[in-house]
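Below is one structure; the comments refer to it alone.
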Amino acid sequence: MRAIRRFTVRPVLPQPLEALGELAGNLRWSWHPETQDLFASVDASAWEASGHDPVRFLGAVPLARLDQLAGDAEFLGQLAAARSDLERYMTGERWYQRSASSETPLPASIGYFSPEFGITAVLPQYSGGLGILAGDHLKTASDLGVPIIGVGLLYRHGYFRQSLSRDGWQQETYPVLDPDGLPLSLLREEDGSVAKIEIGLPSEESLTARIWVAQVGRVPLLLLDSDVEENSEVIRTVTDRLYGGNTEHRLRQEMLLGIGGVRAIRAFSRITGATAPEVFHTNEGHAGFLGLERIRELTEDAGLSFDAALEVSRAGTVFTTHTPVPAGIDRFPLDLVAQYFGGDNACPGVPVDRILALGAEQYDGGDPAMFNMAVMGFRLSQRANGVSQLHGVVSRGMFGGLWPQFDAEERPITSITNGVHAPTWVAREIFDLARSHGVRPGPDPDADDPHLVFDVVDKVPGKEIWDTKRILRQRLVDDARSRMRKSWKQRGAAPAEVKWIDSALDANVLTIGFARRVPSYKRLTLMLRDPDRLKRLLLHPERPVQLVIAGKSHPADEGGKKLIQEMVRFADDPEVRHRIVFLPNYDIAMAQPLYPGCDVWLNNPLRPYEACGTSGMKAALNGGLNLSILDGWWDEWYDGNNGWSIPSADGVDDPDHRDDIEATALYDLIENEVAPRFYDEDEEGTPVRWIEMVRHTLKSLGPKVLADRMVRDYVMKLYSPSAQSSRTLNGDYAGAQQLADWKHHVRTGWSGVGIDHVESSGISDAPEIGDKLEVRAFVSLGSLSPDDVDVQVIHGRIRHEDDLVDTTVSSLALGETYEAGRHRFEGTVSLATSGPFGYTVRVLPKNPHLASAAELGFVTLPHY
Ligand SMILES: *Cc1c(COP(=O)(O)O)cnc(C)c1O
């Protein structure tokens, strides 16, 4: 019989053991092996049986054992030490507190909004890289002392659990998650009642949500849950699944995340006294409605106009875009947005036509019937970024329609390359190896500099590295076998049919990993392009390779499921099944032993669709070598010796032909470079040249791929400037209204701006380096004044006919003002390089509150 509802009764711990509850209630345990050891020492078999889930585990430890420990002085001593360690972690001064200064004002707090968070396997609220990144961001912020408040949704079924049918078709199940059985606590008012927020919906309906708090080290994560009695049956299901349901369902989810998320922060601050964020960070477009809610607050509570409120809100908002795949951009029919934000649900200060304009695809190729969340994200945030340098370039191209008059480099989208949280992803044995050679890896404030940590690999003998890798490979083999047994049982195999699994995979064979979601651009089946060639690699008599593969396809993506089936059918073949396995249900629990167990991490996306990718970074930190297309982060940091690049046939238009070329290159690399090097062992059985590459990988990539580097970059390049901008407009808000008025003045007056004439003098017919060119520009400004504009001369080398490259920009000074709004601007330019040289002049809006010259999208160039 199936229960229609379930709940979890939490254990009452004996008073001396109460600290166990505290340790279980703070997710820091998930990246702190010492705390996990303590749980295991309570009851090793219950800890294993719980799947390393402290909440479930504490409910399963027999009372007699708890009573016994309550009188065990040694255990109580360890428990007290663990608790005070956590307390120190929670309160001590860390990098952030030490970094604030008058030149670098840091925000008092940051709100970080994301549709998914991947923190631990026991809180399955993620589907893939976006969520894992958000989880790593919060954990690292906690380690560095960055005062973030996370905001997301609590999905009743999370994403889905993947299994396989007998013939290899993906099956999805949606287990019910009971929040009482999760490491969460309910936000309550001081009187003990459940705190709730409400948002309006059309037809006088509303959505009420309660707020669960997950404690991620020092960082609280607020998760909104619509499954409450006040809601109608339909509205209760708003937070049922991650990325499930139709368009309207998704719009409701995103309204709850953005609008409800800001309200949840306000409730949390009111109740707990937590500092309100000065900066709001939208991780991908889904949470973008948060900007509308902040505008509403400012119009209703502070009496600002819409435009002034928009300036205040934008100044304090950061938007990160995460995908160059057009289908990955979130869009809604304009009518639906109008229905949800207009009519009886409209807010007086936030007119629906203004909302619609924010998401309108008003550019070449845009669809006038669609509302685009990424486009709104850029318009509602003064600062935006992509997630690798290449993705920055691609995004500046892809969203160029928002700043059509600007060259790509000047469009205001910067990039911060993703990173990964080492304490979560690096095997304990590797930290132990580093410690045994005298370094103190982070994240505590006294830890050694990351560069020093990675330099230690030169001191560790190759044999020790190799022995450790073998242990990690064996752990992966064991884990894979147990997953295969479970999977085959589910696929209907009898025990006698699966004896072969006992010898599937081999801890001495070169192990290649490939695990990620299965959208088509990631090309799960590229390796199957020439099945016979792959077979020969797997079955090579001296230099075999083995492949461990995993990944979920979105339930609505039939194409992805076909690719999985193709892969599973290949791996089911008795001839190769001991050398290639597809493991169902890729998640954090599988990933943690997978990366350390692999020697090579394979990634073969269709360039340039992999915005960054992070799994290869996790492999690298575990002494794995990357074998990848030059896309995302690998395009940036591959240096010729820290792994291998699969040549990309970017320019080849026929996708089949392109796949053939790239697959052949992949096989060639494995056969001729990777395998020979792996199996080239010295007398001690250590592959010396391989170990050299591992060492070089750790030293060259280690410090870069850390999420510490990423979060520090966000703080210094985006959060701090954003806090500064927002402070200058906050105060009494006078600056915000002035800025809004000034923008209006510029928008209405810009058509009157023109460059009438440019002249230069000061150089001879045969100019030489060091000569000074005097430039004079005669400019009409119409209703604008010289203070409103920056008249610039842009000079540099000439390429081809008249293309300016390697340019330098300098501002010209006002020389003289004539009648009728005409002015002369002038300045000198030094000729600094030899060869063809050229210059041009342009006029841009100028205001100290602008973060980028392109912000308003206006520029005037000479029209001759
Ligand atoms: C790291 C990770 C991902 C993201 O990997 P990509 O390389 O960015 O595709 C997805 N799922 C899990 C479980 C991960 O650990």
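Sequence positions, counted from 1, serve as the residue numbers for this chain. Remember, it's a predicted structure, so these values are computed and weren't measured experimentally. Indexing begins at 1, ligand by ligand and atom by atom, following the structure's order.
For ligand 1, the atoms sitting less than 4.0 Å from at least one non-hydrogen atom of Ile132 are 2 (C), 12 (C), 13 (C), 14 (C), 15 (O), numbered in the order shown with element in parentheses. When each atom of ligand 1 is checked for a heavy atom of Arg516 under 4.0 Å away, the hits are 9 (O). Within the listing of ligand 1, atoms 15 (O) sit less than 4.0 angstrom from a heavy atom of Trp425.
Ion pair Arg428/Asp37 flagged as a salt bridge, since at least one NZ, NE, NH1 or NH2 atom sits closer than 4.0 Å to an Asp/Glu carboxylate oxygen. Ion pair Lys618/Asp136 not flagged as a salt bridge, since none of the NZ, NE, NH1 or NH2 atoms sits closer than 4.0 Å to an Asp/Glu carboxylate oxygen. Electrostatic pairing of Arg709 and Asp713 counts as a salt bridge here, judged by a charged N lying under 4.0 Å from a carboxylate O.
Nearest protein neighbour of atom 9 (O) of ligand 1, counting heavy atoms only, is Lys522 NZ, 2.9 Å. Given atom 8 (O) of ligand 1, the protein heavy atom at minimum distance is Thr614 N, 3.0 Å. With hydrogens left out, the protein atom closest to atom 7 (O) of ligand 1 is Ser615 OG, 2.5 Å, a heavy atom. The protein atom (non-hydrogen) at minimum distance from atom 4 (C) of ligand 1 is Gly129 CA, 3.5 Å. Scanning the protein heavy atoms around atom 15 (O) of ligand 1, the nearest turns out to be Lys618 NZ, 2.6 Å. The protein non-hydrogen atom at the shortest distance from atom 11 (N) of ligand 1 is Tyr586 CE2, 3.3 Å.
Looking at heavy atoms from C-beta onward, Pro584 lies in side-chain contact with Leu164 at the 4.5 angstrom threshold.
Taking the ring centroids of His554 and Tyr243, they lie at or beyond the 6.0 Å cut-off. The ring of His32 has its center no closer than 6.0 angstrom to the ring center of Tyr89.
At least one N or O atom of Tyr595, backbone or side chain, sits closer than 3.5 Å to an N or O atom of ligand 1.
Under 4.0 angstrom from ligand 1, the non-hydrogen atoms of Asp587 all belong to its backbone.
Atom OH of Tyr609 has 12 or fewer neighbouring heavy atoms from other residues, nucleotides or ligands inside a 6.0 Å radius.
The side chain to side chain donor-acceptor pair (under 3.5 Å) with Arg523 is formed by just one residue from the set Asn603, Asp659, Asn604; it is Asp659.
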